[in-house]
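By convention in this document, chain letters (A, B, ...) are assigned in the order of the sequence lines, proteins followed by strands, and residues within each chain are numbered from 1.
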Amino acid sequence: MRLLRCRLAVLGESAVGKTALIQMFKSEGAHYPKNYIMTLAAEFHSKTVQIREKDTSVEFYVMDLSGKGLYDSLRRQVLEGTSMFIVVYDVTNEESFKMAEKWIDEYNAVVSNSVGGALIGNKSDLEERIEVKTQRGQDLAREHNLAFFECSALRGTEVETPFNWLANAFLNAYEDKMKLYASLDKS
Amino acid sequence: MTPRSPRGSVSKPPRPTNFGNVAPNPLDKWLDAEKEVSILTATSNDALHPAENVLNGEEHTFWSTTGGFPQEIVLGFKQEIRIAEVRTVSVNIGSLSLQRVMPKKASIGLPEWKEVTVTEMSTDGADHQQVESHKMNNVSTRFLKIAITKSLDPFAAIYSIHVQNSDGKWLC
């Protein structure tokens, strides 16, 4: 069994459901935080995703970063050590979608060599209040070369899919590098 | 009652053998007694790219780091040596810290590591092999830690580590 370790940043506006999404992923759907408690600065979680067909585990160190601007300077330090990222927006909140691009740009400005990331539209269960259609999310993700997912942390639908995708992308990036390294000669 | 020696003076308690300068370093048990240089431990362990690759003399095999930094590899020597120079062949390392265990210390608990030198690698050499020489000023140690503290990529690798002693002999 091979163990890879991936530091993952989770970004987005306040109250889009970053913490709820991470909690549901971490507890495999068992724990949805019923009361909203704003994340101060940053919280840290770890969770392993198994990729059985490749005999590999990807251990995620998930950095749940506050959406509040108050913590800008601290956020930069945390981002520097990460290899992948998720930007979350709320499909019922147009403003959170508009700001998603700012979060993508902020991540890419700090981490130039990331392995990749995903854009997630959360709260897909609130169908009657949707302000951001799926197509717009897909377009933004494609523009920035990110994977795109819609999920509902509340209902636990599609919560694990993005993390499984990230784990596979991380493993693919690792295997590509290993092939490259095996072919290098002394320069 | 305190035992007395035949001459009547108070005898000293037996000298503990498990600490002080005479005791073995806790790292000793990981050493391979047959080899001049052996790998004690490494922080990443992909069976396809194991730490032992840095000593096998092959140009295209390497020890890979599997995500996250710092990453460390520790070499142990058959006996205490004075290190003149260390050469590394690597890829995508940003900064490398070479550390030794302080001799005749740290025999209780964790070994005390002390940095001997730090090498900052060129940042424009991503995805190219880096051949670096690290001057070690003949410091003495039985253990050498090589720590990758910064990287140019989420994954870095070391192809080989060569250690020269103060007599000019390359041990590996």
Side-chain angles (χ1 to χ4, degrees), chain A residues 1-9 44-51 54-63 76-85 107-108 110-117 163 166-187, chain B residues 41-54 56-73 87-95 121-133 147-162:
Chain A
M1 175 62 79
R2 174 169 52 187
L3 178 68
L4 305 185
R5 296 192 177 97
C6 178
R7 287 187 195 164
L8 171 71
F44 162 80
H45 306 270
S46 76
K47 164 93 177 170
T48 302
V49 172
Q50 308 268 1
I51 305 173
K54 293 278 186 78
D55 197 29
T56 298
S57 293
V58 177
E59 201 168 68
F60 281 110
Y61 296 85
V62 184
M63 312 292 171
R76 190 184 168 87
Q77 286 175 32
V78 176
L79 291 185
E80 276 173 356
T82 63
S83 306
M84 297 191 99
F85 70 107
Y107 185 84
N108 287 329
V110 177
V111 184
S112 58
N113 58 9
S114 91
V115 169
F163 293 94
L166 289 163
N168 277 287
F170 194 70
L171 172 58
N172 289 340
Y174 175 76
E175 290 191 325
D176 286 350
K177 279 289 164 173
M178 295 307 110
K179 275 183 207 149
L180 172 71
Y181 293 171
S183 70
L184 290 183
D185 289 311
K186 282 180 193 163
S187 45
Chain B
T41 180
T43 49
S44 281
N45 298 286
D46 179 347
L48 295 174
H49 308 288
E52 285 71 21
N53 281 354
V54 305
N56 71 1
E58 300 278 336
E59 269 189 33
H60 294 284
T61 65
F62 49 86
W63 168 60
S64 68
T65 70
T66 58
F69 292 94
Q71 294 275 351
E72 299 175 350
I73 185 168
R87 281 187 195 166
T88 53
V89 181
S90 61
V91 61
N92 284 333
I93 289 177
S95 182
M121 307 278 197
S122 161
T123 52
D124 55 10
D127 288 344
H128 287 89
Q129 276 200 351
Q130 306 159 308
V131 182
E132 287 286 343
S133 166
I148 306 169
T149 52
K150 286 186 209 152
S151 72
L152 308 180
D153 187 271
F155 309 108
I158 298 181
Y159 294 84
S160 60
I161 297 171
H162 306 282

message: Looking at A:Arg5 and B:Phe69, would you say the former's side chain and the latter's main chain have a donor-acceptor pair under 3.5 Å?
response: no
field: Choice from A:Val115, A:Asn113, A:Val111, A:Thr82 maximising heavy atom contacts with chain B below 4.5 Å
entry: A:Asn113
Residue part contacting chain A, namely of B:Leu152, when any heavy atom lies under 4.5 Å: backbone
message: Working note: A:Tyr181 + B:Gln129, criterion side chain to side chain contact (heavy atoms under 4.5 Å, CB included); need CA distance, chi angles, decisive distance, verdict.
response: CA-CA 8 Å; A:Tyr181 293 171; B:Gln129 276 200 351; over 6 Å; no
query: B:Thr43 versus chain A, heavy atoms under 4.5 Å apart: side chain, backbone, both or neither?
result: backbone
- request: With side chain to side chain contact (heavy atoms under 4.5 Å, CB included) as the test, would you mind laying out the steps for A:Asp185 and B:His60 before giving the verdict?
  value: CA-CA 8 Å; A:Asp185 289 311; B:His60 294 284; 2.9 Å; yes
message: Let's go through B:Asp127 and A:Leu180 carefully: what are the C-alpha distance in whole Å and the side-chain angles of both, what is the deciding distance for side chain to side chain contact (heavy atoms under 4.5 Å, CB included) to 0.1 Å, and is it a yes or a no?
response: CA-CA 8 Å; B:Asp127 288 344; A:Leu180 172 71; 3.6 Å; yes
query: For B:Asp46 and A:Tyr174, which heavy atoms make the closest approach, and how far apart are they?
result: OD2-OH, 2.7 Å
query: Is it the case that more than 12 heavy atoms not belonging to B:Lys150 sit under 6.0 Å from its NZ atom?
result: no
- request: Would you mind checking which part of A:Met84 comes under 4.5 Å of any heavy atom in chain B, side chain (CB onward), backbone (N, CA, C, O), both or neither?
  value: neither
message: Which atoms of A:Leu3 are under 4.5 Å from chain B, going by heavy atoms: the side chain, the backbone, both sets, or neither?
response: backbone
- request: Would you mind checking which part of B:Thr65 comes under 4.5 Å of any heavy atom in chain A, side chain (CB onward), backbone (N, CA, C, O), both or neither?
  value: backbone
query: Counting heavy-atom pairs under 4.5 Å to chain A, which of B:Ala126, B:Gly125, B:Ser64, B:Ser44 comes out on top?
result: B:Ser64
- prompt: Does the side chain of B:Val91 come within less than 4.5 Å of A:Leu184's, by heavy atoms?
  reply: yes
task: Would you mind checking which part of A:Phe170 comes under 4.5 Å of any heavy atom in chain B, side chain (CB onward), backbone (N, CA, C, O), both or neither?
output: both
query: Which bit of B:Phe62 comes within less than 4.5 Å of chain A, counting heavy atoms only: side chain, backbone, both or neither?
result: side chain
message: Go through it in stages, so that I can follow the logic: the residues are B:Asp153 and A:Lys177, the test is side chain to side chain contact (heavy atoms under 4.5 Å, CB included), and I'd like the CA-CA distance, side-chain angles, deciding distance and then a yes or no.
response: CA-CA 9 Å; B:Asp153 187 271; A:Lys177 279 289 164 173; 3.0 Å; yes
